[in-house]
Amino acid sequence: MTRVGPDLRMPPLMDAAAPSPASPVDALRGAVNATVAAVAGKERALRSCPTLERPRKAGFGDFATNAAMLLAPVVGAPPRDVAARLGEELTARLGGALDRVEVAGPGFLNIFLADAWHREALGAMLAAGEAFGGGGAAGAQRIDVEFVSANPTGPLHVGHARNAAYGDALCRILAFHGHAVEREFYVNDFGSQVRNLGVSIQARARGQEPPQDGYQGAYVAELATQIEGAADRPVEEVARDGVAAMLARMQGTLEAFRVHFDVFFFERELHEGGDALVRHAYEELEGQGRTYRSEGALWLRTSALGDDKDRVLERSSGDHTYFASDVAYHQHKRERGFDRLIDVWGADHHGYVARMKAAFEALGGERDRLELLIMQFVHLVGGASMSKRSGEFVTMDDLIADVGVDAARWFLLARSHDTTVDFDLDLARQETAENPVFYVQYAHARIASLLAKAGSDAVSTALDAPDRGAALEGAERELVKKLLAFGEEVAEAAERRAPHRIATYALELAQVFTAFYRDCHVVGADGEVEAQRLALSVAAQRIIARALDLLGVEAPASM
RNA sequence: GCGCCCGUAGCUCAGUGGAUAGAGCGUCGGUUUCCGGAACCGAAAGUCGCAGGUUCGAAUCCUGCCGGGCGCGCCA
């Protein structure tokens with residue numbers, strides 16, 4: 001195992017000793033829960049678990065709760081009557097923060113908050129500073145995220161790019177949420193494919209064609225010229241140098257893509273010292289009574305743990321299967337003391353999920369502590385000008401050169417990992433508002449420009465006292481609410497392993513900011529109003545920047 | 001045959017129990033003495049694959065079908 005960079009756990013972004021104050025939304029939720037408890041009794045309140053929603057339609061209030069509909073059968077009263085009682089109680093609790101409540105539809109209680117609440121919320125967001133929206137994890141965990149793990153026998157292609165973007169963004173989000181994350185790359189530098197690479201390089205070095213089942217790509221010929229004595233040295237050495245060269249090349253590509261791994265784990269290490277780590281895993285499995293011998297091979301009884309059939313670990317020839325390496329590798333990860341292991345795999349590996357989960361359990365692991373996330377495929381469309389040699393994948397380097405890192409990451413991250421991506425290269429190349437990533441970045445740059453125009457004195461004065469008591473326009477209230485939602489979006493994205501939610505949120509936030517920018521003139525507005533709007537702009541800029549950072553996309557001050 | 005993923009507007013996709021289902025692209029029509037027009041506004045556009053079920057309430061949960069993608073080695 002090779003550590004790259006400082007041998008340290010990534011520190012949580014937030015100071016765990018200084019819990020961030022409850023967000024304004026949490027406070028509101030607390031008030032609603034207390035209201036429910038007052039009306040229906042504590043026990044019933046706990047069981048009902050009412051929602052605090054953000055209604056789609058402005059007419060349905062800033063927030064809404066379904067508490068009355070949940071309580072109605074318990075209390076034995078019509079939902080709308082219950083809602084009315086809840087409304088009275090909530091009105092008393094919220095005081096000046098509340099504008100009004102309305103009972104609507106089948107029994108929703110719609111909550112309309114006063115300007116004062118929005119202004120206080122803005123102040124709370126600014127006070128939280130860079131930490132706003134983060135640190136929400138219920139319990140900080142040590143999480144290992146293994147991703148990319150491409151075979152070092154060929155260049156990275158667009159599928160790896162998606163895996164890299166996803167794994168890295170997930171790590172950024174988990175870390176911001178409050179976990180300690182380790183980024184890990186598993187290097188398959190052992191076995192027949194590596195030897196095959198050596199054979200292929202050697203053939204090229206000797207001016208011959210690689211064998212039919214060898215590696216045919218142009219990169220093999222390049223390696224043949226780079227590796228000294230490739231024609232004559234033992235094929236194992238050539239293979240080893242070939243792997244090292246490929247790995248270096250991959251790392252260069254990944255770093256350019258803003259993906260940095262903390263750990264590279266080499267499969268070869270599992271087999272050092274007479275397969276010590278593999279044997280160690282076998283002992284664990286035997287100790288748990290999970291293995292048996294049949295037809296001269298060593299089998300793992302995965303079928304007892306949800307797999308279709310049992311799997312071979314050690315072939316009758318005495319060789320270990322690839323699966324055996326995976327099992328030993330995961331045992332090693334277990335012993336490194338993580339609370340949770342996440343593997344990000346390509347869709348072509350989904351057939352291995354059941355056996356890996358079974359093996360993990362057979363090793364004595366808790367089934368839920370290993371997560372196997374499957375990335376669906378990437379389909380490039382509109383790439384007419386994207387040169388590619390026939391018969392070869394479009395490489396990750398090609399993609400980056402074509403559309404740039406920001407657009408590539410955005411387009412690969414904007415979709416849920418379990419749906420295929422149709423990557424629109426023509427759209428990704430555009431530098432206009434039709435391109436979502438450009439649109440979000442443009443909003444950020446526009447704020448930077450606006451703040452520069454106002455001047456740093458005016459901005460810092462505004463931040464000293466963001467709540468000026470000035471009345472708010474509708475667009476300002478909408479912007480405050482959208483900004484407030486950031487913490488919940490981060491939590492959802494982290495807990496559901498769904499970075500695409502951050503992309504969706506960032507685009508929506510940019511749209512809401514743009515509406516504010518259109519409706520509310522900032523610079524030169526009447527004194528107190530200008531200060532309040534500057535403060536709001538700063539909050540918007542910070543959160544757009546943070547959202548983009550979680551995706552690994554830059555937030556330029558000008559463009 | 002079995003397993004996993006997907007099926008929502010013309011296209012690409014958000015939306016894992018709430019109200020009249022949303023966004024981007026595309027199409028059509030508008031906007032410039034104004035903080036970034038590299039922009040902005042508006043309109044048309046849907047049988048949420050189909051059929052049952054659970055629920056006060058279903059795109060969402062359950063069952064069965066249909067369609068598409070992928071996978072089912074003592075390969076790695």
Side-chain angles (χ1 to χ4, degrees), chain A residues 51 53 55-57 59-60 64-66 69-70 72-73 78-79 104-108 110 151 153 188 190-194 196 213 267 294-299 307-309 311-326 346-355 372 374-377 379 381-382 411 414-424 426-427 430-439 441-443 445-454 492 496 498 500-501 503-505 507-508 511 514-515 517-518 520-525 530 533-534 537 558-559:
Chain A
T51 59
E53 306 164 24
R56 276 192 281 268
K57 306 285 178 183
F60 294 154
T65 179
N66 65 352
M69 288 178 284
L70 299 175
F108 288 102
N110 294 338
N151 286 335
T153 51
N188 298 112
F190 186 83
S192 59
Q193 59 174 356
V194 172
N196 197 349
D213 62 347
E267 182 182 4
S294 175
E295 299 171 51
L298 180 68
W299 295 73
D307 195 8
D308 294 340
K309 53 184 177 182
R311 306 292 172 178
V312 170
L313 292 167
E314 188 182 41
R315 288 192 276 269
S316 47
S317 66
D319 295 333
H320 305 283
T321 60
Y322 178 83
F323 181 53
S325 288
D326 258 352
D348 52 340
H349 282 73
H350 74 252
Y352 299 81
V353 170
R355 79 188 61 169
L372 303 171
I374 300 302
M375 304 299 303
Q376 295 300 325
F377 292 110
H379 177 225
V381 296
F411 277 74
R415 305 277 177 258
S416 165
H417 70 87
D418 53 17
T419 191
T420 54
V421 161
D422 274 26
F423 193 118
D424 187 338
D426 290 330
L427 183 60
Q430 277 189 53
E431 297 191 349
T432 69
E434 277 67 49
N435 182 346
V437 64
F438 181 90
Y439 180 86
Q441 290 179 314
Y442 187 84
R446 195 179 234 177
I447 299 172
S449 168
L450 180 160
L451 295 175
K453 182 144 191 150
E492 288 284 302
R496 287 157 63 169
H500 74 278
R501 285 182 157 263
T504 302
Y505 172 80
L507 181 59
E508 289 171 355
Q511 287 167 334
T514 299
Y517 179 84
R518 163 174 38 90
C520 302
H521 205 86
V522 178
V523 178
E530 185 194 68
R533 288 178 180 172
L534 283 173
S537 299
S558 68
M559 47 199 298

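In what follows, chains carry the letters A, B, and so on, assigned in the order in which the sequence lines appear, proteins first and then strands, with residues in each chain numbered from 1. Fair warning: this is a prediction, and the values are worked out from it, not measured in the lab.
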What's [X] touching, base or sugar-phosphate or nothing? Going by heavy atoms closer than 4.0 Å.
X	answer
A/S558	base
A/A104	base
A/A454	nothing
A/S416	sugar-phosphate
A/R501	sugar-phosphate
A/A347	sugar-phosphate
A/Q511	sugar-phosphate

Examine the base of [N] for any acceptor or donor lying under 3.5 Å from a partner atom in the side chain of [X], and report the outcome as yes or no.
X	N	result
A/N66	B/G18	yes
A/S449	B/C35	no
A/N110	B/A19	yes

From C-beta outward on A/L427, which listed nucleotide comes closest to its side chain: B/A23, B/C25, B/C35? B/C25
From the candidates B/A14, B/A19, B/A38, the one with an atom nearest any side-chain atom of A/R415 is B/A14
Paired with [N]: which nucleotide, if any, by Watson-Crick or G-U wobble criteria at under 3.5 Å for both distances?
N	result
B/C50	B/G64
B/A59	none
B/G42	B/C28
B/A19	none
B/G3	B/C70

Under the criteria of a ring-centre distance below 5.5 Å and an interplanar angle below 30°, is [X] stacked with the base of [N]?
X	N	result
A/Y442	B/A39	no
A/Y517	B/C35	yes
A/F60	B/A19	yes
A/H521	B/C35	yes

When the [atom1] atoms of [N] and [M] are considered, how many whole Å apart are they?
N	M	atom1	result
B/G73	B/G3	P	16 Å
B/A38	B/U33	P	15 Å
B/C61	B/G15	P	12 Å
B/C4	B/A43	P	44 Å
B/A59	B/G22	P	13 Å
B/C13	B/A51	P	25 Å

Relative to the 5' end of RNA chain B, which residue comes earlier, A/Y352 or A/T419, by the nucleotide with the nearest heavy atom? A/T419
Quick one: on RNA chain B, does A/D418 or A/E267 contact a more 5' nucleotide (nearest heavy atom)? A/D418
Hydrogens and angles aside, do [X] and [Y] bring a side-chain donor and acceptor to less than 3.5 Å of each other?
X	Y	result
A/Q376	A/T419	no
A/N151	A/T153	no
A/T432	A/Y439	no
A/N188	A/Q193	no

Looking only at side-chain N and O atoms, does A/Y439 come under 4.0 Å of OP1 or OP2 in B/C40? yes
A/E508 CD to B/G24 C1', straight-line distance once rounded to whole Å: 11 Å
Please give, in whole Å, the distance from B/G22 C1' to A/L507 CG? 12 Å
